[in-house]
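Below: one structure, written as structure tokens.
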Amino acid sequence: MNFRALLCPVLILGLALSCGEARQNKPGEQAGRTIDIPEPHRPQFHFTPPSKWMNDPNGMFYLDGEYHLSYQYYPDSTVWGPMHWGHAVSKDLVSWEHLPIALYPDSLGYIFSGGSVVDHQNTSGFGTKAVPPVVAAFTHHDPVGEKAGTTDFQTQSIAYSLDKGRTWTKYAGNPVLKNEKGIRDFRDPKVIWHQDSRKWIMTLAVYDKVEFYASTDLKSWEYLSEFGIPGDTRLWECPDLFPLKATGTGETRWVLLVSIQKEAPNGGTATSYFLGDFDGERFLGNPEDQRWLDWGTDNYAFVTWDNAPGGDSERLGIGWMSNWQYAQEVPTVSWRSAMTVPRVLQLETDGEGYVLRSNPVAALEGLRGPKTALPMLQIRGEQEVSGSFTPSKCEIILKTDLTQTTAELYGITLSNNAGDRLILGFDRINNQMWLDRRGSGPKGFSGDFFKGPHTAPIDLGPDGDPNLRILLDVASIEVFGENGRLNFTEIFFPSEPYDTLTFWADDGEWALESSTIYSLKSIW
Ligand code: FRU
């Protein structure tokens, strides 16, 4: 987020609250509590906060059968404000139980983004080997220092839990890493255990690059190196570094995830990645080879779970399903923002090198209800598709016969009686997938939201991968193509639920070898 632009109003709100002034109630709120009101855009199988504002996923770890998910949370408003870590757990990454807030702001500042690790060897000394501590590393953001124009108001701190994340104690020696370089943007620590050097490695976003630090006890940190793109001036946020063993070759590459504040492929903010090696001190990757993890507008701050089962060729992660361009304006009432579905990252060769692919975690298949399996279809013009599903909450699996498809453009449209339309198209001339949400719902909350159509490169030629998997959940679409190499995530806000699904083809035929549509159950 661009704090330069946003912190002033937020600070005013923070001060007003601490002075005990009455806050203006928002629609749907009564003093002190949120009343139940119909929430037409609440996703049914995506994680959302119980109420109020949420942004980045934070502090994710797995322990004793539970996946923990914390998140940037402001429990007093539906716009960004003094940050806490909200908290939830899941046994399967599908159903979530909300837990009390894990970390509250304190005299060192708001609690910004970061990651947690399970300290199995008790290197920190906070627990024992029998009861290993979970240690959260996060940024303390001091709004007073910021307002005073200092440059050292973001520092790194830690907290630990000895009861499976239920309660957290902040370390008395915080901050563990001060900001001494005069660079204001110094945040979002993500820590991993590096087996070869037997050290903890922290990756930190420092304005337009990342820095790496090492520690043996999570308390004292030594600077190692930096990685950036020469000449880049975009703001980098929420990095993550981890190894992945490639399926097929068995070789290991290191993945550096970095979220970028502007000039994402379709505008605003998005998550990118680099591939390389990490030798314990330096990330050795090609800075000119920055790739997008997701081509849609709404997958930011994607980071991964520590200590998760699944072996060394898989890494589980989740992203914030919004974009700083309009996140604070979207028309939800008592809450704002959802996470993407949890995804499993894998590395594979594509003939020229390694690529990352991400697909929904397998456990989501447990949400499948009645199945509609359509026979081979040859779509010309428009064809409405119906079955035992509602297009506003379903999974669509399509296999196109690219050799028999003559249409230059084909795709699917979601619509409703109010005239809202969301169009997903495939353009064989330009080898592009595109999503047009310009007419997807009532306008008026953000100009940027209604720009488009948004596009992604995709191989629709004879060697292309004809399989598509699409998840629709009331107000979001997630497209997985090319076996997970193409991810495209976007949100939308129709005036009433989409109830009509249409397949269409322009100038020729779309040969659909198979179309399977599952109705999906709600997790709440
Ligand atoms: C990314 C971000 C982080 C920061 C947090 C504050 O969305 O700007 O860099 O820690 O949000 O909420």
Side-chain angles (χ1 to χ4, degrees), residues 1-11 13-14 49 52-60 70-87 101-105 108-116 136-143 145-146 153-159 175 177 179 183-191 202-211 234-240 257-262 264 268-272 293-294 297-303 317-328 330 336-340:
M1 129 178 285
N2 185 346
F3 299 104
R4 288 174 187 82
L6 275 162
L7 268 160
C8 283
V10 161
L11 236 126
L13 178 63
K52 308 301 179 185
W53 172 263
M54 173 178 87
N55 57 288
D56 315 350
N58 294 153
M60 291 130 66
S70 280
Y71 49 92
Q72 289 286 277
Y73 188 41
Y74 183 32
D76 291 324
S77 175
T78 50
V79 292
W80 190 89
M83 285 288 115
H84 303 54
W85 275 22
H87 190 194
I101 288 173
L103 296 172
Y104 284 80
L108 293 176
Y110 305 160
I111 313 296
F112 272 20
S113 289
S116 295
F138 57 90
T139 298
H140 259 128
H141 172 100
D142 170 19
E146 186 192 27
F153 55 88
Q154 293 190 338
T155 53
Q156 317 319 317
S157 291
I158 56 176
L177 182 60
N179 182 345
I183 301 175
R184 297 160 46 105
D185 298 292
F186 185 74
R187 60 177 178 268
D188 307 342
K190 185 79 167 66
V191 176
M202 177 195 287
T203 309
L204 195 68
V206 185
Y207 184 38
D208 51 5
K209 59 182 181 306
V210 293
E211 291 186 346
R234 299 166 304 170
L235 183 63
W236 290 29
E237 299 183 307
C238 300
D240 195 358
L257 297 175
V258 181
S259 283
I260 303 286
Q261 254 288 330
K262 61 177 185 189
T269 54
T271 309
S272 72
L293 186 69
D294 194 308
T297 47
D298 299 300
N299 181 355
Y300 196 59
F302 188 101
V303 285
I318 200 166
W320 174 46
M321 201 157 54
S322 198
N323 188 312
W324 279 116
Q325 276 192 323
Y326 43 73
Q328 305 193 86
V330 298
R336 270 214 178 93
S337 302
M339 296 299 177
T340 65

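Whatever order the structure lists them in is the order used to number ligands and atoms, beginning at 1.
The closest approach between any non-hydrogen atom of Tyr300 and ligand 1 is below 4.0 Å. At a 4.0 Å cut-off, at least one heavy atom of Asp188 sits close enough to ligand 1 to count as contact.
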Can you list the steps and then say if Gln154 with Asp185 is a side chain to side chain donor-acceptor pair (under 3.5 Å)?
CA-CA 7 Å; Gln154 293 190 338; Asp185 298 292; 5.1 Å; no
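Proximity of a side-chain donor or acceptor of Ser337 to a complementary backbone N or O of Asn55 within less than 3.5 Å is not detected. The backbone N or O of Thr155 sits nowhere less than 3.5 Å from a side-chain atom of Asn179 that would complete a donor-acceptor pair. Judged purely by atom type and a 3.5 angstrom limit, Gln261 has no side-chain atom pairing as donor or acceptor with the backbone of Arg234. Ser157 places no side-chain N or O within donor-acceptor distance of the main-chain N or O of Phe138, the cut-off being under 3.5 Å.
The contact set between ligand 1 and Asp56, taken as ligand atoms under 4.0 Å from a residue heavy atom, comprises 1 (C), 2 (C), 3 (C), 5 (C), 7 (O), 11 (O). Numbered from 1 in the order shown, with element, the atoms of ligand 1 that lie under 4.0 Å from a heavy atom of Ser113 read 5 (C), 10 (O). Within ligand 1, the atoms closer than 4.0 Å to a non-hydrogen atom of Gln72 are 5 (C), 6 (C), 12 (O), numbered from 1 in the order shown. Near Arg187, meaning under 4.0 Å from any of its heavy atoms, are these atoms of ligand 1: 3 (C), 4 (C), 9 (O), 10 (O). Of all atoms in ligand 1, numbered sequentially from 1 with element shown, those under 4.0 Å from a heavy atom of Met83 are 12 (O).
For ligand 1, the polar-atom distance check finds an N/O of Trp80 within less than 3.5 Å of one of the ligand's N/O atoms. In terms of polar-atom proximity, defined here as any N/O pair under 3.5 Å, Gln261 makes no such contact with ligand 1.
Between Phe112 and Trp80, the two ring planes are perpendicular [angle over 60°; tilted spans 30° to 60°]. In this structure, Tyr71 and Tyr73 have perpendicular ring planes: the angle between them is above 60°, well past the 30° mark.
Residue contacts with ligand 1 for Thr269 are absent, since no atom lies close enough (heavy atoms, distance under 4.0 Å).
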